[in-house]
Structures are given as C-alpha cells and as structure tokens.
**Student:** 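Following this message is one structure expressed as structure tokens.
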Number of protein chains: 4
Amino acid sequence: MSIPRPARTKEEVVKEFRTTEILEAARRVIGELGYGEASMERIAQKAGISKGTIYLYFENKEALFARAIEHGFEQLMEKTRAATRRARGHTAKVSEVARSAVEYSLDYLSFYRVLAERPDLGPAGRSAASDRLRANVDDYVQYVADLLERGTRAGEFRGINPHQAARILLAGVRTIIDEQIREGKHPLVQEEVDTLLDLFLNGAAAGGRS
Amino acid sequence: MSIPRPARTKEEVVKEFRTTEILEAARRVIGELGYGEASMERIAQKAGISKGTIYLYFENKEALFARAIEHGFEQLMEKTRAATRRARGHTAKVSEVARSAVEYSLDYLSFYRVLAERPDLGPAGRSAASDRLRANVDDYVQYVADLLERGTRAGEFRGINPHQAARILLAGVRTIIDEQIREGKHPLVQEEVDTLLDLFLNGAAAGGRS
Amino acid sequence: MSIPRPARTKEEVVKEFRTTEILEAARRVIGELGYGEASMERIAQKAGISKGTIYLYFENKEALFARAIEHGFEQLMEKTRAATRRARGHTAKVSEVARSAVEYSLDYLSFYRVLAERPDLGPAGRSAASDRLRANVDDYVQYVADLLERGTRAGEFRGINPHQAARILLAGVRTIIDEQIREGKHPLVQEEVDTLLDLFLNGAAAGGRS
Amino acid sequence: MSIPRPARTKEEVVKEFRTTEILEAARRVIGELGYGEASMERIAQKAGISKGTIYLYFENKEALFARAIEHGFEQLMEKTRAATRRARGHTAKVSEVARSAVEYSLDYLSFYRVLAERPDLGPAGRSAASDRLRANVDDYVQYVADLLERGTRAGEFRGINPHQAARILLAGVRTIIDEQIREGKHPLVQEEVDTLLDLFLNGAAAGGRS
DNA sequence: CATGAATGAGGCTTCATTCAT
DNA sequence: TATGAATGAAGCCTCATTCAT
C-alpha cells in the first residue's frame, strides 16, 4: 500500500515557507518597534527579502499585519490547547493557559503587543482585517472563559462572571510579560505565574472571604 | 490673611495657560484617533491655534505626547489621592483607586490609550521622553503598591508581593475600560469594578484557600 | 468716490498665483513628456517648488492634471472668442478659430497633447476628472459647430453636418501643430493655416462639385 | 512549378509565430487599456505565456511597443494597398484609404491609439524605437500623399500641397474613429466616411470656389 | 526555451518640522 | 508671539526587468 503523494506541489511548499517567513519577520518587527513604527521596508529587511516580494504574498500592509497577528493567535491557541489537554483539573488547566501565554509571548514579542496595543481600539472597526483581529482576541478570551465556566460547574471555582474573570486573568498575564520585557528574561517567570494564579484563585484579602 | 501674590508674571500665566490648552487638545486627539493617527495639525486645530505655535511650547511631537501623558498622570494621581484620602480602611482605599482610574480613563480616553499602547515598551529607553513616561507609570504603580503594603501591615491583606499585586490590579482595571469602550459607556461600571475587587480580594477558587 | 477695496486678501492673490504657477508647470511638463511620463516630482521641479507644496494646492495628481487641462481650455476659449468676435463674416471667424488654436497650442504644447492623446479614451469614463475633461473638449467642439451652423444659415457654408465638420476642421488644425512641433516653429504657420482653410472650404477636387 | 521550400528552420517558424502572437497581444492590450496602463504582465497573460518569455523575443517594453505599432502599420499598409489596387480612379482610391483606416482601427483599437497618442512627439528622437515609429507614420502619410499627387496629375484633384492634404485627410479619419469609440461601434461608419470625403473633396463653402 | 519569483527604482502621498512674515 | 506656507524625508505600492530553475 503506497503512501499517497502529498497533495502539495513543491511550489506550494515554497510559497508557504515564504509566507511564514514573512509573517514571522512581521511579528518580530512589530514586536520590536510597535505597530505604528513597523514599516514594510524593515519587515523586508528582517525577512532578508526585498520590499516588493512581500506584495507577492500579501495584498498590502494591513492584510500582512492582520495575518501576522492571526498567525500568532493560531500558534498560541494550538500551544494552549495542547497544554490544557495535558493538565488534569480545571485549576491546573487555567495555570497552563497562563504559562503558555507567557512563554509564547516571550518568544514572540509581537504577539504580546497585540494584547497590549489593542489595535482594534482605533477608529472603531475600520476594516475587515481589524474585524477579524478583534474576533481572534474574542475567541481566545472565550476559550479561557469556557474553561472557567466548566471549572465552576465542576466545583473548582466559585460563581464568578467567567468572561470578566477570563479577561482579568489574561490582563494579569500581560503584567508578567511586561515585567519580563522590562527587566529582561529571567528565570523567575514561573514564580510570577504562580503568584498571579495564587492571587487569581485566592485573592488578596487576609483571613477568609470578606 | 491675604494670599501672597504668586511670583509669576502675566507672561508666565499666559504661557502656562497655552501649554495646558495644548496638552488637553493632544490628549483628546490621541483619545479619538489613537497614538499613531494623531497629527500635529489636528491637535493644533483642536486647540484652536496653528501648527507652528505648538513648537513654541514643545520641542517636538514626542515631547508633546510625553508631556500630555504626564499631565494625564498628574491629574489621575491627584484624583486618586483625593479619593483614597476620603476612604477609610485600606480595602476601601484600593477600591477608590480602581474607581478613580476607570472614571478618569472614560473621561480622558487618551490617557487609557497610554496604559494600553505602552509606547515605552519599545527598545528600552529609546528617548528621554519615553524614560519619563515610564517613570510616571512606575510612580503610579508604586503608589498602589504602597497602599497594598500598608494594608498588609494593617492586617487587611495577606502577604503578597505588593508590586505584582498592584500591577495585576491595575491590569484588571484596564479590562473594565476596554469593555466600556467596546460596548459604549453604560451604567454598569460600578458593578464591574465591584466584581473586579471581589475577585482581587477573594479569588476565584471555590471553598477556602487552596 | 473711493475705489472699493478689491474683495481679495493678499493671501488669496498669492494662493492664486501659486495655483497658476503650478498649473503652468504641469501643462509644460505634460507637453514635454506626455501624459504618462509626467510625474509630480518633475512638475514640482519645473515650478521651482517642492513635491509636497503641490498638495497644498491640489488634492492629488489626477485633480491637478484635470485642472491643468481645464485651465488650458479656458485660456483657449477666451482667446478664440476674442478672435472670432473681431472677425467679420463666418468664414473669417472660422479662420480665426484655426489660427487661435495653432497659436495657442504652440505656446502651450501641453494643451495640444490633450487634443492629441485624448485621455478620455482610457477605460471609459473612469473618474469625475476625466468626465469634466471630456466635457471641455465637447464644449470646444460645440463652439465651432455653432459657428458653422450660423454660417450655414447665413448662406456662407453649404448644409453639412456641423458637428462632424467641426471635428474635422479641428483635426486639421492638429496636423499643423504636429508639423510645427516636428519641424520646429517657423514662419510658415499662417500659410499652412491658409491651406487648411482653403481645403476645408473648397475641397480637394478639381473642377466643380463632384 | 513547385514553390521552393523556404529556407527557414522549424525553429525560425516557431520563433516568428511567437513573435506575432506577442505583438497581437500587445496591440490588443494597448487598445483596451491605453498606452500608459498596458503592463508586461497583462500582455503576457493575453498572449498565454509568461512575462519572462516576452524578453526572449523583445529587448524591452519600448521595443515591444514600437514593434507592435510597426506590425500594425504593416497590416494597415497591406490592407490599404489591396483596397486601393481594386479601386478605379484616384478619388475612389482615396475613399478606400479612408475606409481601410477606419475599419482597421476599429478592429485594432490599439493601432488607432498610436495615431492618437503619438508618443513619438516627445523630445524629438528620444530613442531608436521612436525613430522607427515616426518613420512608419511618415511612410503611411507619404503613401496617401503620393496617391493625391498622382490624382492631381491625372486631373482629379486640384493643385494642393499633397503632404498637407494627406495629413489633413488622415486626421479627418481619426475623428470618425474617435466618434465610433465614444458612441460605440454602429452601422453609420460608411455614412461618416462619405461625409468626410465629401467635405475633403468639395469643401464646406457654399456656392462655387471662394 | 520557458517560467515566474524576486528585485528595486520610482511614483504618489503624508506629515513633522522650519522659517519668513 | 503667532502663523501657515513650504519643505523633504519616509511610507506604501507598482511594475519593468532579471535570473535560477
């Protein structure tokens, strides 16, 4: 029984490779310079290609940026799903979400910037691209909210608004990434994640529930 | 008892008035259009002056933006201090911090944008202006951290890292502002602030401390 | 009795001067390089200003080009009207039309190019600007057609389709301009105009009417 | 009597076939989009080959365009010669010239565009290609001028400058093509050609010769 | 021969900044 | 001081041309 030839020509493979290469470059440049300062020229330089080549793979700047972010979200979601699948118990799963986000964002700084800059806050809903971007962020938040909701039904969390809680948790994750960026990567990440989760789970108040 | 005439010439008063006027205009334009889209032309229009005049009061765009943000922080700090002074008990003080930040940011969207966009996260210390900006954010976080620390000594909070806790709390505040912006201002702000504080103080875990 | 102050500020005069200056430069560059090769950069150079300045007076390239042509037509119409007004008899008036067009086009080569290149032939009726351009050409042809029609009613011309005759006459004018451009301006223009009119009026056939 | 096998290899035949194929594609694209908008990419698409292939047959864009026009002229000359050969009398021959030009130009709009845009009118003799182009136009005009001259010697035309008359006649032809393009092809072409020839032969003046 | 991905010069446009008035 | 016309660097994008496959 012969293995069927993969349904991809060599050209398609090359094309996908280039596409990914550009997306990675875009993410890195956005990460370094911020959304506003990232230029096509610099992205091309970073990718080791010429300006014009980018336009063979992406319609324009906005499309490239939207895809770069989307690509980042896809990878983050993949990592996150894998990590949560391995974890037993919803509390552990939530912990894995936080750890994945931090780890991933340190690798791909640009991804972090999306969480931080929220380009969707510009003149509301300008383009289809920014709509899709917003949808990506929403999906990610929803994923965490679902986790919290299932955990609540399983008796692990108390009855809090899962959406708001998810957003707050992810905002907490952001503070860790902030700190990592400011101070430079160091080995205390896990500790900070633990503190965040401790705070998220048990609160800051002394003694019992207020 | 007469108040001594301030040792300021009329020119200085006018100068300060103009400065403030421009700063407010800058904050409003940044708020409406975002950091990247805010142009000197529009700021001048909003301030009712001409482009060139701005350069009599500010060195360049970056300096103007940095001062606009700084100005925002000063106002926020003032409001926050007043609010916390009135409150009794550190838990109540923390609550006032959150409420002040949300209220202020809804009034001055631009201020929120700084928290969100964090232009100072670029290549560390790109410019003197961005250094001062960072310092402002730090001061604000420090203020909240001090509050938490004193609260801890007063037995109201358990022994958590006050800096990290402050950052996480403020990140939570941001999520509320996000939501307000996305859904449009509505009267549930107080409710969301309460939920945030409940979560911050008591955590998400069911039952007692984990 | 005091002369009323002209209803124009100095700024308006300067503005109009610059506008005209740019329009002339545009017409000259279009004349030298053709429609397709004329760039904003070269027009700016020719006008002795910088690229950016053009955009203070014209929205974009298309608007500039459309106005440049329109401006040319306005001048041509003015000259033509003045010349025909002076002439007695419709035959003489037609002669003046031809002479005006040739003279004017040699002064403003770019204007000729419009007649020659017919940018309105591109992907039909693409823009408002090209619509207005077409309208200008039509107006000019109509003016000549009216002249021919009145001349016919006055018994000076026989009953030919005035529109087609007008177009043909103007096409004949073009050939003279062509020749002038190719050979360089020389003093035979009047002779060529006379030959054109002789042919237009009396035809090429030997003997009487065929 | 056998026709001797042409001394051409198969390769040469293929080469000529490709060349012609590209020239036709170029003419059609120029006809549809205009001189400025015609890109190598679209010509390649229309010819069913790839961009790079064009460069195996033509040095560059200008050379291709020049050859495309030249090719058009060759075809027009061929058609015109055939048509005039059939006609009896010089007046009839001239009539056939006009009809051929109109018919041909409606079939190959691009050809007309050259007559209209006259890229060779730029700074005299910019390139070898534009020189050859000019020569083509001249040849065509010369052919018509010769016809008129012979007609004059045969007593059919009166003694007018044959060159200028030829240019004027051809310019008149252009106006018909213009009109056809603007209004869309319709069956009145012959009528317009007749009117043109009537005007060309008999003139516009009422009564006898002026 | 043929391809089409890659290049990079060049075109249009914006906008922070300067400077003569 | 205040103005705003002018500047020109820099950004996005197109397309003629090249070249490795």
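Just so you know, these numbers come straight off a predicted model, no measurement behind them. Just so it is clear: chains get the letters A, B, ... in the order the sequence lines come, proteins before strands, and each one is counted from 1.
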**Student:** 5' to 3' on DNA chain F, which nucleotides open and close the contacts with chain B (atom under 4.0 Å from a heavy atom)?
**Tutor:** F:dT1 to F:dA6
**Student:** Please classify the nucleic acid contact of B:Ser39 as base, sugar-phosphate, or nothing, using heavy-atom distances under 4.0 Å.
**Tutor:**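 Sugar-phosphate contact only.
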**Student:** Quick one: on DNA chain F, does C:Leu56 or A:Asn60 contact a more 5' nucleotide (nearest heavy atom)?
**Tutor:** C:Leu56
**Student:** Please enumerate all residues that pass side chain to side chain donor-acceptor pair (under 3.5 Å) together with D:Glu59, with sequence neighbours excluded.
**Tutor:** none
**Student:** Need to verify one output field. Residue with the more 5' nearest nucleotide on DNA chain E, A:Gly52 or B:Glu59?
**Tutor:**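 Mapping each residue to its closest nucleotide by heavy atoms, the 5'-most match is A:Gly52.
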**Student:** Starting from P on E:dT14, measure out to CD1 on C:Ile54 and report it in whole angstrom.
**Tutor:** 13 Å
**Student:** To the nearest 0.5 Å, what is the distance between OG (B:Ser50) and OH (B:Tyr55)?
**Tutor:**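 OH of B:Tyr55 is found 11.0 Å from OG of B:Ser50.
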**Student:** Using salt bridge (Lys or Arg N to Asp or Glu O under 4.0 Å) as the criterion, list what pairs up with C:Lys61, not counting sequence neighbours.
**Tutor:** none
**Student:** Name all residues meeting the side-chain contact (heavy atoms from CB on, under 4.5 Å) criterion together with B:Tyr57; count only those two or more places apart in sequence or in a different chain, and write none if there are none.
**Tutor:** B:Lys15, B:Arg18, B:Thr19, B:Ile22, B:Thr53
**Student:** C:Glu41: what forms a side-chain contact (heavy atoms from CB on, under 4.5 Å) with it, not counting sequence neighbours?
**Tutor:** C:Ser39, C:Gln45, C:Lys51
**Student:** Toss me the dot-bracket line for DNA chain E: Watson-Crick and G-U wobble, both under 3.5 Å, 5' to 3', using | for pairs to another strand and [ ] for crossers.
**Tutor:** .||||||||||||||||||||
**Student:** With sequence neighbours left out, write down each residue that passes side chain to side chain donor-acceptor pair (under 3.5 Å) with B:Arg42, or none if nothing qualifies.
**Tutor:** none
**Student:** Find the distance between CD (D:Glu24) and CD1 (D:Ile43) and round it off to the nearest 0.5 Å.
**Tutor:** 12.5 Å
**Student:** C:Glu74: what forms a side-chain contact (heavy atoms from CB on, under 4.5 Å) with it, not counting sequence neighbours?
**Tutor:**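 C:Glu74 satisfies side-chain contact (heavy atoms from CB on, under 4.5 Å) with C:Arg67, C:Glu70, C:His71 only.
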**Student:** Report the distance from atom CD of A:Glu41 to atom P of E:dA9, rounded to the nearest whole Å.
**Tutor:**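 That distance rounds to 11 Å.
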**Student:** Using the test side-chain contact (heavy atoms from CB on, under 4.5 Å), find all partners of D:Lys46 that sit at least two apart in sequence or belong to another chain.
**Tutor:**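 D:Lys46 satisfies side-chain contact (heavy atoms from CB on, under 4.5 Å) with D:Ala25, D:Arg28, D:Val29, D:Glu32 only.
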**Student:** Please figure out whether A:Lys15 or B:Ala38 has its closest DNA chain E nucleotide nearer the 5' end.
**Tutor:**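 It is A:Lys15 whose nearest nucleotide is closer to the 5' end.
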**Student:** Within this structure, what is the CG-to-C1' distance between C:Leu33 and E:dG10, rounded to whole angstrom?
**Tutor:**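 So the two atoms are 14 Å apart, to the nearest Å.
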**Student:** Would you indicate whether the side-chain heavy atoms of D:Ile69 and D:Val137 approach each other to under 4.5 Å?
**Tutor:** no
**Student:** Round to the nearest Å and state the distance from C:Lys61 atom NZ to E:dG11 atom P.
**Tutor:**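 Taking atom P of E:dG11 as the reference, NZ of C:Lys61 is at 9 Å.
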**Student:** Under 4.0 Å, counting only non-hydrogen atoms across every strand here, what does C:Phe58 touch: a base, just sugar-phosphate, or nothing?
**Tutor:**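 The residue C:Phe58 makes no contact with any strand.
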**Student:** Hey, which sits more toward the 5' end of DNA chain F by its nearest nucleotide, D:Tyr55 or A:Met40?
**Tutor:** A:Met40
**Student:** Side-chain contact test, heavy atoms from C-beta onward, threshold under 4.5 Å: evaluate it for D:Phe65 versus D:Asn60 and give yes or no.
**Tutor:** no
**Student:** Give me the residues of residues 42-51 of chain B where at least one heavy atom lies under 4.0 Å from an atom of DNA chain F, by number, or none.
**Tutor:** B:Ile49, B:Ser50, B:Lys51
**Student:** Nearest to the side chain of D:Arg18, which nucleotide is it out of E:dC12, E:dA2, E:dT7?
**Tutor:** E:dA2
